[in-house]
Visitor: 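Pasting a structure here, questions to come.
Both ligands and their constituent atoms are indexed starting at 1 by order of listing. Basis for what follows: all heavy atoms, side chains included, without hydrogens, waters or symmetry-related copies.
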Amino acid sequence: MSLSSRGFLCFTLFLCSISVGLPADPFVFYDWTVDYLTASPLGIKQQVIGIEGQFPGPVLNVTTNWNVVINVKNNLDEPFLLTWNGIQQRKNSWQDGVSGTNCPIPAGWNWTYQFQVKDQIGSFFYFPSLGFQRASGGYGGIVVNNRDVIPVPFATPDGDVNLFIGDWYIKNHKELRNDLESGDSLAAPDGVLINGLGPYQFDRAVVRDGIPYQIINVEPGKTYRLRVHNVGISTSLNFRIQNHDLVLVETEGSYTVQQKYSNMDIHVGQSYSFLVTMDQNATNDYYIVASPRLFDSSNWTKPPGVAILHYSNSQGPASGPLPGLPNEFDTYFSMNQARSIRWNVSAGAARPNPQGSFRYGEITVTDVFVILNRPAELIDGKRRTTLNGISYLAPSTPLTLARQFKVPGVFKLDFPNRFMNRPAKLDASVINGTFKGFVEIIFQNNDTVVQSYHLDGYAFFVVGMDYGVWTENSRSTYNKWDGVARSTTQVFPGAWSAILVFLDNAGMWNLRSQNLDSWYLGQEVYINAVNPENDNTEVELPENTIYCGELSSLQKDQARRVNFSSAPMPLSPIDAMVKVVLVAVMVALRGVFDISGTI
Ligand SMILES: *[C@@H]1O[C@H](CO)[C@@H](O)[C@H](O)[C@H]1NC(C)=O
Ligand SMILES: *[C@@H]1O[C@H](CO)[C@@H](O)[C@H](O)[C@H]1NC(C)=O
Ligand SMILES: *[C@@H]1O[C@H](CO)[C@@H](O)[C@H](O)[C@H]1NC(C)=O
Ligand SMILES: *[C@@H]1O[C@H](CO)[C@@H](O)[C@H](O)[C@H]1NC(C)=O
Ligand SMILES: *[C@@H]1O[C@H](CO)[C@@H](O)[C@H](O)[C@H]1NC(C)=O
Ligand SMILES: *[C@@H]1O[C@H](CO)[C@@H](O)[C@H](O)[C@H]1NC(C)=O
Ligand SMILES: *[C@@H]1O[C@H](CO)[C@@H](O)[C@H](O)[C@H]1NC(C)=O
């Protein structure tokens with residue numbers, strides 16, 4: 001649909017449910033078909049999830065404020081949603097693509113996301129948010145470029161490369177999901193993939209023959225931007241390139257102080273950009289390594305992820321041992337490295353609320369949450385994980401829709417500020433966010449493994465982390481000046497991490513463990529941030545909304561399987577009007593019959 005015809009619809013029908021950007025902000029349109037593919041990343045045939053026939057999927061390459069329209073066609077045999085990790089969806093949680101914001105796209109159906117990448121730059125990735133599907137792939141990169149008028153704080157690189165690193169299982173997501181459902185914890189992964197490919201055969205005794213691996217082709221003397229994403233399930237990875245320095249320049253939408261690292265620990269769900277200069281003399285190729293970090297190494301018997309950096313004038317294959325995992329036994333190494341990542345406060349770049357964010361250390365905190373996670377435990381006989389003693393149980397009706405249509409009983413705004421000494425329970429308990437509040441969240445990890453937590457809708461300031469139990473005194477150690485603003489932070493075992501976040505983005509926002517098993521078993525909560533004075537702070541309900549759960553009766557045009565070669569007509573304006581009326585009638589009926597007890 002062209003911008004002008006969309007504008008026309010808005011004017012004539014008052015049905016414009018989508019935030020139309022300024023006319024100057026371009027629209028880009030994609031059709032993405034999601035399918036199972038067969039691949040053998042570790043030398044054994046298995047089913048993976050591809051997008052447009054690719055695994056990893058295509059890179060979404062856009063510029064600040066562009067409007068993105070992606071028609072996602074679900075050719076899997078189960079429900080599907082994509083979420084856009086780190087894309088803030090300003091006032092538009094309708095497009096966030098997690099179970100609390102959207103009904104799943106049923107198998108055989110399609111659904112069109114439309115969102116603006118407002119006031120953002122940086123490196124992110126998208127992935128399937130339901131049913132453990134990320135363990136089978138379905139992920140791909142998101143690059144948000146600076147607008148031309150905003151300079152990037154480094155010379156334009158000679159190339160731009162996305163690297164997706166992640167632990168991997170030969171079992172597919174359904175088998176892994178079944179293991180978790182039946183109360184087992186996941187075994188150690190079968191390997192580490194780089195861009196959907198297995199390890200280069202650096203040692204015949206360790207890596208079997210015939211495994212395809214990633215080769216990154218480079219020119220001597222040139223500088224490349226590598227955007228490295230940990231898309232895995234639950235393993236922190238140390239990333240390094242033999243004989244080459246990594247100059248950190250950006251993480252999840254913030255330009256950092258440019259510092260040299262010989263390696264970087266990248267936790268699940270995190271994204272980093274490095275500049276790498278090809279300053280070696282190409283006597284041979286070089287290893288690119290992603291190896292398990294903070295994983296009891298006696299438990300890891302599989303090869304790490306190994307790709308190849310190939311200079312155009314290379315004299316021969318990479319050789320010798322892999323560059324070693326640095327400081328394996330220094331528990332503070334990884335934490336100190338994380339603390340050394342600083343925000344470049346003088347780099348100009350699109351960011352929401354620049355005035356607020358510059359002096360975040362001076363803003364008065366309005367609410368404090370200390371969120372405790374523990375190892376999985378039995379709740380009602382099922383093995384589950386919790387945050388503050390509550391294991392999130394996704395209701396069949398998304399929270400956004402329940403709120404919109406005032407369906408009672410779907411969720412409660414009662415998530416506790418602190419761990420309460422009471423039996424753990426399953427619930428859909430939501431944080432009652434104060435709109436425009438400035439919130440301090442401390443993640444306290446009482447588990448024995450690294451956790452990584454992500455908040456949708458925002459970038460937060462990572463102000464501190466340390467071992468031990470957080471106390472009020474811990475605040476004296478906070479970085480109140482140049483903590484980096486990002487959307488995923490690691491929390492080391494037996495340690496805490498503190499973040500500050502300005503709840504100025506109205507919506508229902510997912511806060512989750514990025515570790516897929518912890519998330520799947522219940523480490524998830526939502527923050528409801530609404531402006532009590534103004535209903536119009538949020539984008540209106542999209543006209544193509546899929547209905548499910550308590551609201552399934554509103555769904556009429558996708559009650560049959562879509563054949564993608566002859567997809568159904570979109571809702572006609574008349575149908576849409578009928579839908580609005582139906583909804584109004586239904587809401588009114590709910591009021592009359594007060595069916596809250598039955599939900
Ligand atoms: C991504 O978009 C930018 C800006 O439009 C362009 O310069 C760049 O070549 C694109 N990159 C790729 C890999 O297509
Ligand atoms: C499904 O795809 C068709 C085109 O293939 C499109 O016209 C329609 O709007 C899409 N449906 C939704 C709900 O996005
Ligand atoms: C920070 O950004 C500024 C402005 O773009 C740039 O000139 C400077 O080199 C950067 N500083 C560091 C330490 O990275
Ligand atoms: C460059 O190559 C020579 C062999 O041709 C080697 O001896 C030397 O160590 C190399 N230098 C660097 C900096 O790698
Ligand atoms: C390693 O294995 C031991 C024994 O099976 C187990 O107790 C420990 O939790 C494992 N460590 C990790 C990090 O998985
Ligand atoms: C949520 O917080 C607002 C104040 O921000 C308060 O007025 C409201 O009563 C709270 N709701 C619940 C259910 O606690
Ligand atoms: C969390 O761990 C700390 C340190 O081991 C311990 O003092 C505290 O009691 C634990 N809290 C809970 C709720 O398990």
Visitor: What atoms of ligand 3 come within less than 4.0 Å of a heavy atom belonging to Val257?
Guide: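 Those atoms are 13 (C), 14 (O).
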Visitor: On the 0 to 90° scale, with breaks at 30° and 60°, tag the Tyr126-Trp32 ring pair as parallel, tilted or perpendicular.
Guide: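 Rings of Tyr126 and Trp32: tilted, 30 to 60°.
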Visitor: Return the closest protein heavy atom for atom 13 (C) of ligand 6 as residue, atom name and distance.
Guide: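 It is Leu413 CB, 3.8 Å.
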Visitor: Looking only at protein heavy atoms, which one is nearest to atom 10 (C) of ligand 6, and how far off is it?
Guide: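 Looking only at protein heavy atoms, the one closest to atom 10 (C) of ligand 6 is Asn432 ND2, 2.4 Å.
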Visitor: For ligand 2, which atoms sit closer than 4.0 Å to a heavy atom of Thr112?
Guide: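 So the answer, numbered in order with elements, is 10 (C), 12 (C), 14 (O).
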Visitor: Kindly state if atom 8 (C) of ligand 6 has a protein heavy atom within a strict 4.0 Å cut-off, that is, under 4.0 Å?
Guide: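 Protein heavy atom within 4.0 Å of atom 8 (C) of ligand 6: present.
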Visitor: Is the closest N or O pair between Trp111 and ligand 2 shorter than 3.5 Å?
Guide: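 The answer is no, given that Trp111 and ligand 2 share no N or O pair closer than 3.5 Å.
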Visitor: Can you spot which of Phe419, Tyr453, Phe460 makes a ring pair (Phe, Tyr, Trp, His ring centres under 6.0 Å) with Phe443?
Guide: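 With Phe443 as partner, Phe419, Tyr453, Phe460 yield a single ring pair (Phe, Tyr, Trp, His ring centres under 6.0 Å), made by Tyr453.
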Visitor: Of the non-hydrogen atoms in Glu440 and Tyr478, which two are nearest, and what is the gap between them?
Guide: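 Minimum heavy-atom separation between Glu440 and Tyr478: OE2-OH, 2.6 Å.
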Visitor: Would you say the side-chain atoms of Asp367 pair up with the backbone N or O of Phe438, donor to acceptor, closer than 3.5 Å?
Guide: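 Not a single qualifying donor-acceptor pair exists.
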Visitor: For atom 12 (C) of ligand 3, which candidate among Thr256, Val249, Asn344, Val152 holds the nearest heavy atom?
Guide: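 Minimum heavy-atom distance to atom 12 (C) of ligand 3 goes to Asn344.
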Visitor: Show the atoms of ligand 3 that are less than 4.0 angstrom away from any heavy atom in Ser346.
Guide: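 So the atoms of ligand 3 that pass are 1 (C), 2 (O), 3 (C), 4 (C).
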Visitor: For Lys73, take its heavy atoms, then give the atoms of ligand 2 lying under 4.0 Å from any of them.
Guide: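 Going through ligand 2 atom by atom, the ones under 4.0 Å from Lys73 are 5 (O).
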Visitor: Evaluate the criterion ring-ring contact (aromatic ring centres under 6.0 Å, His included) for residue pair Trp84 and Tyr113; output intermediate values, then yes/no.
Guide: CA-CA 11 Å; Trp84 319 89; Tyr113 287 84; 5.0 Å; yes
Visitor: Between Ser340 and Tyr261, which heavy-atom pair has the shortest distance, and what is it?
Guide: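 Closest approach of Ser340 to Tyr261, heavy atoms only: OG-OH, 2.7 Å.
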Visitor: Tell me if a side-chain donor or acceptor on Glu252 pairs with a main-chain N or O of Thr488 at a distance below 3.5 Å.
Guide: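 Answer holds: yes.
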Visitor: Would you mind telling me if ligand 2 is within reach of the side chain of Asn71, the backbone, both or neither, using heavy atoms under 4.0 Å?
Guide: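 For Asn71, the contact with ligand 2 is made by the side chain alone.
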Visitor: Pull out every atom of ligand 3 sitting under 4.0 Å from any heavy atom of Pro153, numbered as shown with elements.
Guide: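 Near Pro153, the atoms of ligand 3 are 2 (O), 5 (O).
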Visitor: Classify the ring geometry of His229 against Phe125: parallel below 30°, tilted from 30° to 60°, perpendicular beyond 60°.
Guide: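 Plane angle over 60°, so perpendicular.
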Visitor: May I ask you to list the atoms of ligand 2 that are less than 4.0 angstrom from any heavy atom of Asn110?
Guide: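 Atoms satisfying the 4.0 Å criterion: 1 (C), 2 (O), 3 (C), 8 (C), 10 (C), 11 (N), 12 (C), 13 (C), 14 (O).
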Visitor: Return yes or no for this condition: an N or O of Thr434 is under 3.5 Å from an N or O of ligand 6.
Guide: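 Looking only at distances, the answer is no, because the N/O contact criterion of under 3.5 Å is not met.
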Visitor: Strictly distance-based, threshold 3.5 Å: is any side-chain N or O of Thr64 a donor or acceptor partner for the main-chain N or O of Gln120?
Guide: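 Present.
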